[in-house]
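Along the sequence shown, the residues carry numbers beginning at 1. These numbers come from the heavy atoms of this one structure, side chains and all, not from hydrogens, waters or symmetry mates.
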Amino acid sequence: MRTTKKTETVLEPVKIIPLGGLEQIGMNMTAIQYMDEMIVVDCGLAFPGDDMLGIDLVIPDITFLKENQDKILGYVITHGHEDHIGAIPYVLKEINKPIFSTKLTDGLIRGKLAEHEIEDVVERHVVKYGQTVSFGENIKVEFIKVNHSIADACGLAITTPAGVIVHTGDFKIDYTPMFGETTDLTRFGELGKKGVLALLCDSTNVLRPGFTPSEKKVGETFEHIFAENLDNRIIVATFASNVDRVQQIVNTAAKYGRKVVVEGRSMVNVMATAGELGYLNMPQGTWIDIDEMNKYPDNQLVLITTGSQGESMAALSRMAASIHKKVTIKPSDTIVFSSSPIPGNEKAVTKVINELSMKGAKVIIHDTHVSGHACQEEIKLIYSLVKPKYSIPVHGEYRHLMGQAELAADMGINKDNIFILTSGDVLSLTKKSGEIIGKVPAGAVMVDGLGVGDVGNIVLRDRQNLAENGIIIVAMTFEKYTNQLLAGPDIISRGFVYVREAENLLEEAHNIVQDAVWDCVDNGISDWGRIKMIVRDTLSSYLWQNLRRSPMILPIIMEVD
């Protein structure tokens, strides 16, 4: 009797490659690769830190994607917040692939592409909850309903031959959402019963016990604020993309017979898109243009504005600094901060609050915000439904990722199957094993005006030095052929000392530099680079000894025939 030995099919591993969204909240981007097919989940930006002087925004380094763009089959976007869609125009200019997203997310993306004048060359697809999209032969993505602080947010079930990867996106479990239905826990449970290889779960609020309150709780708070400030103009600062929050403000304003003014470029754009697509219901005659404000008494107005994070050029910050062209803060104003400061923004927010308070305005900063992210008990519920083999915490700083790792271990996940990744790690997963097998280029690319990536650490260091210590320019003129000093050295100072009060200092500095230049001439030194170095070192040493300051010193040599 002949027997045949069964051979087990060996499947290729699926690779998970985060390019952003770890070690920080922002700049979310993750590549999922199976063999020669790849999709990219989200394409977000981060806002610059205090040390990034002059930088407008920060996007992920996409060197790895450019090197593998022939494998990329599309971008899959979970929702319309800036930290998930903000980098799309910059990335698509380099790697133009189809985008798949839900209706409101697509509308917000379309607006960004139009601003960059690439809307007509980008292929976009609007998907619905429960829909599955096939990418090539090996990757399928199902879009799953989740609640968040913006409508049309979704989680993802990414099916590959190696197994199913569930990505929660940014989520919370809200049983009374402002728009649409609740998070589709049934579908998460069905996926868990069939078997899930890995769970990529939102970590933002993992350190907070309990459940995140419903968005409708904020509506009750606004009711109290409007009732207690009947005679005041009310100004509410919130995130531009928090459409549900704006809807509650509009609803309360309509109830109290107030007109609504929307101010701030991003706020106006998002509200227009949300209204056009049916995600914002503005009662007839409620919304007025900012130029019409003077037609109404203050107690009939509500102003919804950007600037809840203390951004220097946002509308509320300009009002607080008295540089807004159309709105002047009055002592009778009630100003509501309907958001919590993002880590790192606390100082800027406090500054704006103080400026508003100094103008006599009443500032309310408590109980007017609930998070859009899941707390511990909601995350536990997702783990209990999905039952993943591997846990991969995402969307958070390192302390958040560690917090979810501990939670996953408490939920029964083998500690060897919990991976705390850093941007650029290549995680290889099969049903039998998982390991980090390599590293790809990853990091931050800074956008300054129209320049993308042309500002690096050296430029930032120079900007920091200029901001802290100022600059001194030393100008000299030499005869071209004889190398004789014809004029100078002249010392010009900006941002270093007030010239009228430091005449003696600058005169002494001039004498020291002049002596150094004459020594160069007497010693036959004709190399301009060396002369500049001697001038810089001599002057720098003098200033440090006398003032303990290190301004940027820029020697300039001109030659004449």
Side-chain angles (χ1 to χ4, degrees), residues 19-21 27-33 37-45 57 59-60 62 65-66 68-146 148 150-159 167 169-170 179-180 240-241 243 265-266 268-280 447 452:
L19 299 175
M27 212 166 70
N28 296 283
M29 175 182 275
T30 303
I32 309 291
Q33 181 179 356
E37 297 177 348
M38 184 187 301
I39 63 169
V40 178
V41 177
D42 288 333
C43 195
L45 58 74
L57 51 93
I59 62 176
I62 58 169
L65 297 183
K66 287 194 284 188
N68 293 272
Q69 59 182 302
D70 291 341
K71 299 175 184 177
I72 299 174
L73 302 175
Y75 300 94
V76 179
I77 310 300
T78 59
H79 65 283
H81 280 159
E82 288 293 318
D83 59 329
H84 294 260
I85 68 170
I88 284 178
Y90 302 96
V91 174
L92 261 66
K93 289 176 183 178
E94 302 285 339
I95 310 168
N96 190 349
K97 302 290 181 177
I99 303 175
F100 296 82
S101 62
T102 48
K103 186 178 178 182
L104 178 59
T105 307
D106 174 75
L108 297 173
I109 291 172
R110 183 187 67 216
K112 289 187 170 296
L113 298 178
E115 285 183 16
H116 287 255
E117 299 180 346
I118 58 172
E119 179 184 5
D120 296 335
V121 299
V122 174
E123 181 182 338
R124 303 186 339 267
H125 299 271
V126 177
V127 297
K128 297 180 179 179
Y129 294 128
Q131 182 177 343
T132 298
V133 178
S134 295
F135 294 87
E137 298 180 358
N138 295 301
I139 301 176
K140 295 181 180 179
V141 179
E142 178 186 350
F143 294 77
I144 305 170
K145 167 70 179 179
V146 298
H148 188 39
I150 188 172
D152 271 14
C154 61
L156 307 171
I158 303 166
T159 301
H167 193 312
D170 290 6
F179 190 93
S241 55
V243 178
R265 180 169 167 269
S266 58
V268 171
N269 290 342
V270 171
M271 294 308 103
T273 300
E276 174 190 337
L277 297 176
Y279 292 87
L280 180 66
V447 179
V452 180

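Leu73 approaches Gly136 most closely through the heavy-atom pair CD1-N, 3.6 Å. Thr132 approaches Glu142 most closely through the heavy-atom pair OG1-CB, 3.6 Å. Here the closest non-hydrogen pair linking Ala240 and Met271 is O-CE, 3.2 Å. Closest heavy-atom contact between Gly86 and Leu45: CA-CD2, 3.5 Å. The two residues Ser101 and Ile109 come nearest to each other via the heavy atoms OG-CD1, 4.0 Å. Glu37 and Glu137 get closest at one heavy-atom pair: OE2-N, 2.9 Å.
Side-chain contact annotation: Asp152 with Thr105, donor-acceptor N/O pair under 3.5 Å absent. Under 3.5 Å, the side chains of His84 and Asp170 contain a donor-acceptor pair of N or O atoms.
Using cut-offs of 30° and 60° on the angle between ring planes, the pair His125 and Phe100 is parallel.
Side-chain contact between Ile32 and Val141 is absent, with no heavy-atom pair separated by less than 4.5 Å. Contact of the Glu119 side chain with the Lys112 side chain is not registered, since no non-hydrogen atoms from C-beta on lie closer than 4.5 Å. For the pair Val133/Phe143, a side-chain contact is recorded, criterion being any heavy-atom separation below 4.5 Å from C-beta on. Side-chain atoms of Asn28 and His81, non-hydrogen and from C-beta on, never get closer than 4.5 Å to each other. Using a 4.5 Å heavy-atom cutoff, the side chains of Ile158 and Val41 are in contact. Looking at Leu108 and Ile150, their side chains come closer than 4.5 Å, going by heavy atoms from C-beta outward. In this structure, Thr30 and Val40 have side chains that are not in contact, with every pair of non-hydrogen atoms separated by 4.5 Å or more. Residues Glu94 and Lys66 form a side-chain contact, since some pair of their non-hydrogen atoms from C-beta on lies under 4.5 Å apart.
The closest donor-acceptor contact from the side chain of Lys97 to the backbone of Gln69 lies under 3.5 Å. With hydrogens and angles ignored, the 3.5 Å screen pairs no side-chain donor or acceptor of Gln33 with any backbone N or O of Ile39. In this structure, Asn96 contributes its side chain and Val121 its backbone to a donor-acceptor pair below 3.5 Å. Judged by distance alone, the side chain of His167 and the main-chain N or O of Gly169 form a donor-acceptor pair under 3.5 Å.
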Under the side-chain contact (heavy atoms from CB on, under 4.5 Å) rule, what do Phe135 and Met38 come out as? Steps first, then yes or no, please. CA-CA 8 Å; Phe135 294 87; Met38 184 187 301; over 6 Å; no
Please evaluate residues Leu65 and Leu19 with respect to the criterion side-chain contact (heavy atoms from CB on, under 4.5 Å), reporting the C-alpha separation (whole Å), side-chain torsions for both, the decisive distance (0.1 Å), and the verdict. CA-CA 9 Å; Leu65 297 183; Leu19 299 175; 3.7 Å; yes
Report the C-alpha distance between Ile88 and Ile77 in whole Å, list the side-chain angles of each, state the deciding distance to 0.1 Å, and finish with yes or no for side-chain contact (heavy atoms from CB on, under 4.5 Å). CA-CA 10 Å; Ile88 284 178; Ile77 310 300; 3.9 Å; yes
Is there a side-chain contact (heavy atoms from CB on, under 4.5 Å) between Asp42 and Tyr75 once you walk through the steps? CA-CA 7 Å; Asp42 288 333; Tyr75 300 94; over 6 Å; no
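Within 6.0 Å of the NZ atom in Lys128, the count of heavy atoms belonging to other residues, nucleotides or ligands does not exceed 12. Under a cut-off of 6.0 angstrom, the local environment of CD in Glu115 is crowded, with over 12 non-hydrogen atoms contributed by other residues, nucleotides or ligands.
Summarising the geometry, atom CG belonging to Asn269 is positioned 12.5 Å from atom OG belonging to Ser241; distances are rounded to the nearest 0.5 Å. One finds the CD1 atom of Ile72 at 4.5 Å from the CD1 atom of Ile95 (value rounded to the nearest 0.5 Å). Rounded to the nearest 0.5 angstrom, Thr102 OG1 and Leu104 CG are separated by 7.0 Å. Note that the CD atom of Glu82 and the OG atom of Ser266 stand 7.5 Å from one another [nearest 0.5 Å].
Arg110 has a carboxylate O that lies under 4.0 Å from a charged side-chain N of Glu276, or vice versa, which qualifies the two as a salt bridge.
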